[in-house]
Amino acid sequence: MSTREKIYSVMAICYLSGMIMFLLVYPSAREIKYLLPLALLGIAVNAGLLFVVFRDIFRRSFSSFWRKYFWVVIVFLFLPAVIIYLPLHGFRKR
């Protein structure tokens with residue numbers, strides 16, 4: 001990953017966890033007039049994060065042929081796996 005992609009990944013994870021905490025702490029933010037813009041921005045940030053992570057997975061060479069497809073399936077089915085993938089593989093050099 002490039003430095004820009006690493007910064008974007010960290011900022012995206014911070015935004016998504018911050019949004020969850022914000023919605024838990026302030027119940028008034030769950031109204032549609034606040035929730036709709038937050039959710040739309042969250043979808044855009046999440047789509048960018050997935051693009052960066054999948055791009056890194058496909059460009060990276062793994063020790064096993066199946067390990068690459070394992071990470072694709074895990075990230076696709078269970079998005080918080082990105083938090084595990086990034087420190088293990090994403091922030092390291094290819």
- Got a second to check how far Ser9's OG is from Phe91's CZ, nearest 0.5 Å? 5.5 Å
- Item | Within one Ile-Leu-Val-Met-Phe-Trp-Tyr cluster: Ile20 and Met11, side-chain cutoff 4.5 Å | no
- Does Ile43 belong to the same Ile/Leu/Val/Met/Phe/Trp/Tyr cluster as Leu36, with side-chain heavy atoms less than 4.5 Å apart forming each link? no
- Message: If hydrophobic clusters are built by linking Ile, Leu, Val, Met, Phe, Trp and Tyr wherever their side-chain heavy atoms come under 4.5 Å apart, do Leu38 and Val25 end up in the same one?
- Response: yes
- Cluster link Ile13 to Met21, ILVMFWY, side chain under 4.5 Å: no
- What pairs of residues pass the side-chain hydrogen bond (donor to acceptor under 3.5 Å, both in side chains) test when at least one of them lies in residues 31-41, not counting sequence neighbours? none
- Message: Contact between Leu86 and Val10 at the side-chain level, heavy atoms closer than 4.5 Å - yes or no?
- Response: no
- Note on the structure: Closest non-hydrogen atoms of Ile84 and Trp71, given as atom of the first, atom of the second and distance, are CG2-CH2, 4.0 Å
- Does some side-chain heavy atom of Leu35 sit less than 4.5 Å from a side-chain heavy atom of Leu23? yes
- Task: Write down the atom of Phe22, the atom of Ala29, and the distance for their closest heavy-atom approach.
- Result: CE2-CB, 3.4 Å
- Query: Which atoms form the tightest heavy-atom contact between Val45 and Tyr8, and what is the distance?
  - Reply: O-OH, 3.0 Å
- Message: Same cluster or not: Val75 versus Ile83, using hydrophobic residues (I, L, V, M, F, W, Y) connected whenever any side-chain heavy atoms lie under 4.5 Å apart?
- Response: yes
Using a 3.5 Å cut-off and no angle test, enumerate the donor-acceptor pairs between side-chain atoms of residues 49-61 and protein atoms at least two apart in sequence or in another chain.
unit_1: Arg55; atom_1: NH1; unit_2: Glu5; atom_2: OE2; d: 2.2
unit_1: Asp56; atom_1: OD1; unit_2: Arg60; atom_2: NH2; d: 3.2
unit_1: Asp56; atom_1: OD1; unit_2: Arg94; atom_2: NE; d: 3.3
unit_1: Asp56; atom_1: OD1; unit_2: Arg94; atom_2: NH2; d: 3.3
unit_1: Asp56; atom_1: OD2; unit_2: Arg60; atom_2: NE; d: 3.3
unit_1: Asp56; atom_1: OD2; unit_2: Arg60; atom_2: NH2; d: 3.3
unit_1: Asp56; atom_1: OD2; unit_2: Tyr85; atom_2: OH; d: 2.5
unit_1: Arg60; atom_1: NH1; unit_2: His89; atom_2: O; d: 3.4
unit_1: Arg60; atom_1: NH1; unit_2: Lys93; atom_2: O; d: 3.4
unit_1: Arg60; atom_1: NH2; unit_2: His89; atom_2: O; d: 2.8
unit_1: Arg60; atom_1: NH2; unit_2: Arg92; atom_2: O; d: 3.1

- Note on the structure: Correct closest heavy-atom pair for Lys6 and Met1 would be CE-O, 3.5 Å
- Flag the pair Met19 / Leu41 as yes when at least one side-chain heavy-atom distance between them is below 4.5 Å, and no otherwise. no
